Amino acid sequence: MTSKSSMIAEMIPTGEATAILPTGKTSPITVIGTESIRGTFDDLCLQQALNSRLAPGVTELVLNPDAHCGYGAPVGCVMVSPTHIYPGPVGVDIKCSMSLLQLDLPSDAVDDRRTRRALIDAICERTPTGAGKGQRNVSKARKVEVDLGERVVTEGASERVCQELGIPPHWASRCEDAFHGGYRESSDGLRDRLGRLRGQRQLRQFENKISQLGSYGGGNHFGECEVVEIGDDDRARSVAETFGLIDGQVAFLSHCGSRGLGHQLASGQFSSLQAKFHQWGIPLPGGDRQLVYAPLGSPEANAYLDDMALAANFATVNHLLINALVLEAFQEVIPGTQGQLVYFISHNIARQEVVGNVKSWVHRKGATRAMPGGHHALQGTPFEQTGHPILLPGNPRDGSAVMVADAGAEKSCFSVNHGAGRVLGRKRAQRELDQTAIDREFDEHDILSNCRRYPRDEAPAAYKDFDEVLKSVKQAGLASEVARLKARFVIKDASKADD
DNA sequence: ATGTGC
């Protein structure tokens, strides 16, 4: 163990800093952050970074500028292992992701507040918010029965699944991974796993979980209507064209994950692995039971990867269905509206990638994949020349960002942050932030919301300075900004705010 | 994050 101050002292001010661990010079942590951002990492967050770096089989650890305390590993880190899989550094919301839908509407189409109110109502009718909330008012064609639900979680965004749910099948080509997190060719193994889970009653109320397809959930999940502002340089304009972004037009940004299903599968994996560690008497990394792991090739690792894939498939189809429903809502309010998916990309997933020359599992926990043009893994995708879109939520007041990776991203294992990152804990934000000031700020920026009062623990002031976070990424040479997204209205779970 | 928590 080392103190926060000695660890910080080793960091290089430009961002690509290295912290030396007590084990010696061979175990660096890569820290991305300007000086002021590095001041936002508290002791527990740094301790979690140390524990994760020192855990068995871990070869790389990157701490991102949006990092804060997480489950075993910090939210906002990348952890690499060629030999072990770690459920904690994937997180409890498996394949929590961002998606962006570009609409063919000029920004003035959403200037009128009544139009925006109508859009909020039409979207909320189709995509409920809140824990436990599932679909409502769904047309019979979109009602997801159990047999279709089984195909959703075992096939992901297959052509057949997309067709049956009214999702344009070509949107699958705009997904970081359209199925399984890309780790298993066939769905048969997943069908076996699903059957076993349900047979052993380890996956309860599957019908209920499946009914949550097309819903946002709560917490920091949201849907947000945006106006696209493409950066004022040639590269931004050219990359934006490949991404399908249109300057001055309306877009819709969504943040959600695998809902109750992912939560249930992740929790089940934590408890079964913790029981095995206890039974076998294996030491926990850093003494933290949230850092349980399984060696690759073991039955435990395979079971985890199967469950991760089931949840990942749910999250993928959930996002695509939400985007289809949002487009339908726009078409109801503004007939003739067309929309194209820009991209769907996760920030809570483990993927198999080559790091250095070693095939490894890259755990991104609150971190976004960032592969630049020319990266071998992008061959055959629409983004092999430019690099893929990176979707980063900021906050409604300051906007969100679309970025593209640069060559420097290799030093962060081809990853960037996943947003602004919390600076105030939820309870502290609830206690300290002023509701009237928050609501006034939204009024001043003419941002509408479905919430009568915006949740205080989700207010912009509860998060780090987004510009400083982006500056950290740019200064370290990881990625460049392509566009800013400026909020016009926000859809969030209001149940905790209406007190 | 969550069939929501001090």
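This structure is a prediction, so every number in the text was calculated from the model and none was measured. Residue numbering restarts at 1 for every chain, and letters A, B, ... go by the order of the sequence lines.
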Under the ring-ring contact (aromatic ring centres under 6.0 Å, His included) rule, collect the residues that match up with Phe222(A), sequence neighbours excluded.
His255(A)
How far does CD1 of Ile94(A) sit from CG of Asp307(A), to the nearest 0.5 angstrom?
7.0 Å
Could you check if a side-chain atom of Leu470(A) sits within less than 4.5 angstrom of a side-chain atom of Arg484(A), using non-hydrogen atoms only?
yes
Pairs: protein N or O with nucleotides 3-6 of chain B N or O, under 3.5 Å:
from	atom 1	to	atom 2	distance (Å)
dG3(B)	OP2	Gly260(A)	N	3.3
dG3(B)	N7	Gln205(A)	OE1	3.1

Would you mind telling me which of Ile85(A), Ile282(A), Thr83(A), Leu284(A) makes a side chain to side chain contact (heavy atoms under 4.5 Å, CB included) with Tyr293(A)?
Ile282(A)
Nearest-Å distance, OH (Tyr216(A)) to P (dT2(B))?
13 Å
Test side-chain hydrogen bond (donor to acceptor under 3.5 Å, both in side chains) applied to Ser52(A) - qualifying residues, sequence neighbours left out:
none
